[in-house]
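Read the numbers this way: they start at 1 and go in the same order the structure lists the ligands and their atoms. Small disclaimer: the values here were computed from a predicted structure and weren't measured. The chain is numbered in sequence order, starting from 1.
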Amino acid sequence: MKLIKTSTYEALSQMAAAQIISKIHANPRLNLGLATGSTPTGVYKRLIQDHEVNKTSYKQVNSFNLDEYIGISKKDHNSYHYFMCENLFDHIDIPIDQTHIPDGTAENLDEECRRYEQFIQEHGGIDLQILGIGQNGHIGFNEPGTSFTSRTHIINLAESTRKANSRFFESLEDVPTQAITMGIASIMESKEIFLLVSGDSKAEALARLVNGEVSEQFPASVLKNHKNVTIFADKEASALL
Ligand code: GLP
């Protein structure tokens with residue numbers, strides 16, 4: 001794992017965005033894996049700015065999101081579908097039918113998991129996957145204890161994850177209890193991974209990732225087994241390194 005420490009969140013976002021943009025220029029048909037949460041929003045803002053100013057085009061890009069809540073409609077403001085449209089898709093030229101997110105309202109959720117997994121493979125896999133990290137080490141929504149061999153699957157969200165994400169909802173009760181997430185094995189098949197880590201609430205998780213052992217009890221630790229991972233961490237997140 002390569003670690004890039006930046007002085008600020010802005011610098012982290014700037015650096016990661018610049019690398020993503022250069023990869024899109026090198027391969028306009030990039031299969032780009034995307035994440036939600038607060039951390040990647042700075043990167044998305046810079047991708048939008050660059051699209052407006054430098055006209056970087058996403059017309060041939062396919063995007064694949066990591067996860068989606070179960071039981072929340074696409075139009076709901078708390079769905080990851082809505083989040084991605086608001087924070088990125090509506091502001092760049094990616095055709096909406098080339099943006100892919102698991103459907104958390106599918107009638108047959110097991111079938112939806114199989115479909116999404118197969119769909120990514122049929123598109124040739126993900127070239128670059130953007131990841132955030134949960135305080136408990138989750139990546140996507142793969143909570144501690146998830147098998148490293150897991151494919152896209154249904155997960156019961158940890159109470160700590162529901163609490164952390166309740167800031168987006170009216171109350172904790174409104175936070176779904178389940179999600180569909182790409183599995184650990186699905187994520188590990190990405191050719192390259194950028195892990196974005198920001199803020200002092202992530203300092204312990206980052207220190208455990210860098211210094212700790214590889215264990216299913218700490219999902220992000222699997223990234224140590226991947227050949228092409230870059231971690232972008234700001235000063236606050238790097239405080240315990
Ligand atoms: C959610 C998402 C993850 C994300 C994590 C951290 O649970 N499913 O993909 O990495 O939150 O989010 P944040 O960046 O807001 O701390």
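For the ligand labelled ligand 1, residue Gly140 lies inside the 4.0 Å heavy-atom shell. At least one heavy atom of Arg167 sits closer than 4.0 Å to an atom of ligand 1. Using a 4.0 angstrom heavy-atom cutoff, Lys202 counts as in contact with ligand 1.
Among Gly199, Gly37, Pro40, Ala220, the residue whose heavy atom lies closest to atom 12 (O) of ligand 1 is Gly37. Taking only non-hydrogen atoms, the option from Thr36, Thr161, Asp67, Leu34 nearest to atom 8 (N) of ligand 1 is Asp67. Between atom 13 (P) of ligand 1 and the options Ala35, Ala158, Ser38, the minimum heavy-atom separation is to Ser38.
A single hydrophobic cluster is seen to contain both Met1 and Leu131, as judged by linkage of ILVMFWY side chains at heavy-atom distances under 4.5 Å, directly or through other members.
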- Task: Tell me, with the steps shown, if Glu111 and Arg114 meet salt bridge (charged side-chain N to carboxylate O under 4.0 Å, His left out).
- Result: CA-CA 5 Å; Glu111 180 52 37; Arg114 275 192 294 278; 3.2 Å; yes
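Interface of Asn165 with ligand 1, defined as ligand atoms under 4.0 Å from a residue heavy atom, comprises 1 (C), 7 (O). Of all atoms in ligand 1, listed by their number and element, those nearer than 4.0 Å to a heavy atom of Ile133 are 6 (C), 10 (O). Less than 4.0 angstrom separates some heavy atom of Gly132 from each of these atoms of ligand 1: 10 (O). Within ligand 1, counting atoms from 1 as listed, the ones closer than 4.0 Å to a heavy atom of Thr39 are 13 (P), 14 (O), 16 (O).
For Tyr80, every heavy-atom contact with ligand 1 shorter than 4.0 Å involves the side chain, none the backbone.
Inclusion of His138 in the set of residues having an N or O under 3.5 Å from an N or O of ligand 1 is warranted.
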Sequence neighbours excluded and cut-off under 3.5 Å, please list the side-chain donor-acceptor pairs for residues 95-104, or say none.
{"from": "Gln98", "atom 1": "NE2", "to": "Lys59", "atom 2": "O", "distance (Å)": "3.0"}
{"from": "Gln98", "atom 1": "NE2", "to": "Val61", "atom 2": "O", "distance (Å)": "2.8"}
{"from": "Thr99", "atom 1": "OG1", "to": "Ile96", "atom 2": "O", "distance (Å)": "2.7"}
{"from": "His100", "atom 1": "NE2", "to": "Asn62", "atom 2": "OD1", "distance (Å)": "2.8"}
{"from": "His100", "atom 1": "NE2", "to": "Gln98", "atom 2": "O", "distance (Å)": "3.4"}
{"from": "Asp103", "atom 1": "OD1", "to": "Thr105", "atom 2": "N", "distance (Å)": "2.8"}
{"from": "Asp103", "atom 1": "OD1", "to": "Thr105", "atom 2": "OG1", "distance (Å)": "2.6"}
{"from": "Asp103", "atom 1": "OD1", "to": "Ala106", "atom 2": "N", "distance (Å)": "3.4"}

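In this view, Glu204 satisfies the salt bridge (Lys or Arg N to Asp or Glu O under 4.0 Å) rule with no residue, not counting sequence neighbours.
A distance-only check finds a donor-acceptor pair linking the side chain of His226 to the backbone of Ser190 [under 3.5 Å].
Using a 30° and 60° split on the angle between ring planes, Tyr82 and His77 fall in the parallel class, below 30°.
Other residues, nucleotides and ligands contribute at most 12 non-hydrogen atoms within 6.0 Å of the NZ atom of Lys235.
A donor-acceptor contact closer than 3.5 angstrom is absent between the side chains of Thr41 and Asn87.
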